[in-house]
Amino acid sequence: MIKIKLFRLHSENGVGFTMIEIVIALFVLTVGVIGVYNAFSIMTVATTQMSDRFTAAYLTQEGIEIARNIRDNNWLAENENWADGLESCGTGCEADYRTGISSGAGLTSYSSGGHYLYIDSNKFYSYNQNGTETRFKRKITINLVDDHTLRVTVTVFWDEKPTIANIDFPAQPGSITAEDYLYNWY
């Protein structure tokens, strides 16, 4: 018959732990540490994805504001056609605040999948390639609803590339769309 003797680590008062208890305690601690590490990895990815979604939401709102500014500049210039330059965006356009917003001069055709926006040292997004290329593309579509109404639809596209525990996963396309109506109040 084989006898298994459990070693007991004793303190001065004679109370202690067996080796099996120590191994089990180490196992439980290891599982806990690994679980916390995985939770932080998942939270890091989720934070990055939410940051991209917030940026895309702001870029869609900015696209609507660009179209609104073109309309307002047409009014201020006392242009008889309040939608001058905006009607050409029925199939999609690109614009930013730096390319000019007077009478639609800064609107360029959205062709072949669009262009990436760049961010400069002042944190402005534009198509000027002097900044750092981002993963965002913006398409502004403007359709005439009637003589006094324009429907502005802005979609921002980007690629989400999640990395969990230093493992790169395939990029997933992301997009967000916002829509607003502009009216000829003048």
Side-chain angles (χ1 to χ4, degrees), residues 44-164 168-186:
T44 301
V45 170
T47 301
T48 302
Q49 289 176 344
M50 288 308 298
S51 175
D52 287 346
R53 290 177 186 169
F54 279 128
T55 301
Y58 289 128
L59 288 172
T60 56
Q61 184 62 39
E62 182 183 66
I64 291 171
E65 292 298 324
I66 289 169
R68 182 174 286 122
N69 284 338
I70 292 170
R71 180 214 45 197
D72 293 350
N73 282 336
N74 286 336
W75 284 341
L76 292 174
E78 297 181 9
N79 188 341
E80 292 190 25
N81 182 6
W82 67 281
D84 188 27
L86 296 173
E87 309 98 334
S88 63
C89 287
T91 58
C93 289
E94 293 178 336
D96 61 44
Y97 278 116
R98 298 202 176 227
T99 56
I101 54 175
S102 61
S103 297
L107 295 172
T108 58
S109 177
Y110 186 88
S111 59
S112 67
H115 298 94
Y116 287 102
L117 286 162
Y118 290 79
I119 188 166
D120 65 15
S121 60
N122 295 322
K123 306 298 183 200
F124 283 105
Y125 286 87
S126 69
Y127 293 101
N128 184 351
Q129 296 182 1
N130 291 335
T132 304
E133 185 178 79
T134 66
R135 64 180 114 187
F136 299 101
K137 295 179 180 183
R138 177 172 48 207
K139 180 179 182 181
I140 303 171
T141 306
I142 304 171
N143 295 307
L144 190 64
V145 175
D146 58 39
D147 290 340
H148 301 286
T149 309
L150 292 174
R151 182 177 66 225
V152 180
T153 306
V154 180
T155 304
V156 173
F157 306 96
W158 74 97
D159 289 330
E160 293 179 327
K161 189 170 184 183
T163 301
I164 301 175
D168 288 334
F169 291 93
Q172 300 293 322
S175 69
I176 188 167
T177 301
E179 184 177 277
D180 200 2
Y181 290 87
L182 300 180
Y183 300 97
N184 183 13
W185 300 336
Y186 203 55

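The main-chain N or O of L117 is found under 3.5 Å from a side-chain atom of T134 such that the two form a donor-acceptor pair. Looking only at distances, no side-chain donor or acceptor of N74 sits under 3.5 Å from a matching main-chain atom of N79. Judged by distance alone, the side chain of E94 and the main-chain N or O of H115 form a donor-acceptor pair under 3.5 Å. A side-chain donor-acceptor contact under 3.5 Å links K137 to the backbone of G113.
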Discussion item. As a quick check of understanding, evaluate side chain to side chain contact (heavy atoms under 4.5 Å, CB included) for F136 and D52, giving each step before the final call.
Written reply: CA-CA 9 Å; F136 299 101; D52 287 346; 4.1 Å; yes
Practice prompt. Show your reasoning for whether side chain to side chain contact (heavy atoms under 4.5 Å, CB included) applies to L144 and L86.
Written response: CA-CA 9 Å; L144 190 64; L86 296 173; over 6 Å; no
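Summarising the geometry, atom CD1 belonging to I64 is positioned 12.0 Å from atom CG belonging to N69; distances are rounded to the nearest 0.5 Å. To the nearest 0.5 angstrom, R68 atom CZ is 10.5 Å from Y183 atom OH. One finds the NZ atom of K139 at 7.0 Å from the OG1 atom of T91 (value rounded to the nearest 0.5 Å). Of the inter-residue distances, the one linking I70 atom CD1 with W75 atom CH2 reads 13.5 Å to the nearest 0.5 angstrom. Rounding to the nearest 0.5 Å places OG of S175 at 15.0 Å from CZ of R138. Here the CD atom belonging to E78 is positioned 10.0 Å from the CD atom belonging to E80, to the nearest 0.5 angstrom.
A pairwise comparison of heavy atoms in L107 and G85 identifies CD1-O, 3.2 Å as the closest pair. Here the shortest heavy-atom pairing between V152 and I140 reads CG1-CG2, 4.3 Å. D159 and P173 make their closest contact through OD1-CA, 3.9 Å (heavy atoms, listed as atom of the first residue, atom of the second, distance). Considering every non-hydrogen atom in both L182 and W82, the closest pair reads O-CH2, 3.8 Å. Across all non-hydrogen atoms, the minimal contact from D96 to S126 is OD2-CA, 3.2 Å. Among all heavy-atom pairs drawn from I66 and A95, the shortest one is CD1-O, 3.6 Å.
Residues that satisfy the side-chain hydrogen bond (donor to acceptor under 3.5 Å, both in side chains) test with T141, not counting sequence neighbours, are absent from this structure. With sequence neighbours excluded, no residue forms a side-chain hydrogen bond (donor to acceptor under 3.5 Å, both in side chains) with S109. Residues passing the side-chain hydrogen bond (donor to acceptor under 3.5 Å, both in side chains) test with D147: none are found, sequence neighbours excluded.
Residues T55 and W158 have side chains not in contact (no heavy-atom distance under 4.5 Å, counting atoms from C-beta outward). Looking at V156 and Y58, their side chains never come closer than 4.5 Å, going by heavy atoms from C-beta outward.
No side-chain donor from either of D120 and N122 sits under 3.5 Å from a side-chain acceptor of the other.
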